[in-house]
Number of protein chains: 2
Amino acid sequence: MDRHWSEEARAIVRRAGHNRGAARDALIELLSDQDCALSVAEIETRLGAQRPVARASVYRAVELLHSLHLITRVDIGDGVARYERAAYDHSHHHHLVCDSCGVLIPFEDPGLEQAIDRVGAQLGFATTEHEVTLHGTCVRCN
Amino acid sequence: MDRHWSEEARAIVRRAGHNRGAARDALIELLSDQDCALSVAEIETRLGAQRPVARASVYRAVELLHSLHLITRVDIGDGVARYERAAYDHSHHHHLVCDSCGVLIPFEDPGLEQAIDRVGAQLGFATTEHEVTLHGTCVRCN
DNA sequence: CTGAGAATGAGAATCAGACTCATTCTTGAT
DNA sequence: ATCAAGAATGAGTCTGATTCTCATTCTCAG
Ligand SMILES: [Zn+2]
Ligand SMILES: [Zn+2]
Ligand SMILES: [Zn+2]
Ligand SMILES: [Zn+2]
């Protein structure tokens, strides 16, 4: 899906002083093909279809990629963290969660982003990242 | 702090068909005195100072109050859910989390709320609740 | 006052995520 | 190409939050 992202991600990881590793490379490749967030369990399962990868390695990899701002963490309140690749231009989406069927719907909204930027600036808070999640019922469920 | 809220909360719980219980009443009383969110562990400790309350009871109570929209759940990404009372007029605040010192700073922003309402409406999504969290460094830490 | 049903308490069971350490892989240097 | 040092990985263990179970206690309508 996004070949450029996976190349860039590997380059940034190396520049940060890390050796290359099969598990992390496979994870980067997997995330580059996704349009929305995956949980660690989902990542582990999908990678395992090709070559088994230890859970600890998945956690280590997402932690590193997240600390380098290469992926964003999505928390929809079910106690399971999800991760998805971040765009270089800081463009990103947020999520609607249907509490009835559990579907995760991504959306983008410039007006919302502006409002968030304004809030951080007003309070003198150096915002590095933000999370927005809407809960409710989707069109099919209501 | 907000006597009206605790009375209203108990009335709504009863109307929903639940008997009264000492543990839940104590929890409601505690939350009515708070300005911002508390974790289950914090609730348990503070209640225990007066009369021991089982952890399971705290979890049951916050689950019920949350399902009745009497409290809102705040998830700042540290794996610990926090809860705070909700206002009747649906007014509420969101949070800034300092990733350096961990402080939780509440804020209100009408413009942000409008942007969120607009998004849900545009996508035909019946929004019941939403969560916004900004991460970064606070004034003292940056 | 009583009984049915609800709430509570204590502890076990789950589950996500963090940690440990022995083994394997990368990579710069020889 | 070879080697050693340091990094990454895998398998399993450990922790901490949340959920589940069930016996006991409490609430409240009758
Ligand atoms: Zn997404
Ligand atoms: Zn955003
Ligand atoms: Zn708050
Ligand atoms: Zn809001």
Which heavy atom of B/Ala37 sits nearest a heavy atom of B/Glu84, and at what distance? N-OE1, 2.9 Å
Report, as a single string ordered 5' to 3', how protein heavy atoms within less than 4.0 Å touch nucleotides 6-18 of chain C: B base, S sugar-phosphate only, - not at all. SSBBBB----SBS
Provide, to the nearest angstrom, the distance between the CD1 atom belonging to B/Ile43 and the C1' atom belonging to D/dT18. 13 Å
More than 12 heavy atoms of other residues, nucleotides or ligands under 6.0 Å from CZ of A/Arg55: is that the case? no
Using modelled atom types only, decide if a donor and an acceptor are shared between the side chain of B/Arg14 and the backbone of B/Arg20 within a distance under 3.5 Å. no
Transitively linked via ILVMFWY side-chain contacts under 4.5 Å: A/Val97 with B/Leu123? no
Is any side-chain heavy atom of A/Trp5 closer than 4.5 Å to one of A/Ile71? yes
Provide, to the nearest angstrom, the distance between the CG atom belonging to A/Asp75 and the P atom belonging to D/dA17. 16 Å
B/Arg10 CZ to D/dC28 P, straight-line distance once rounded to whole Å: 12 Å
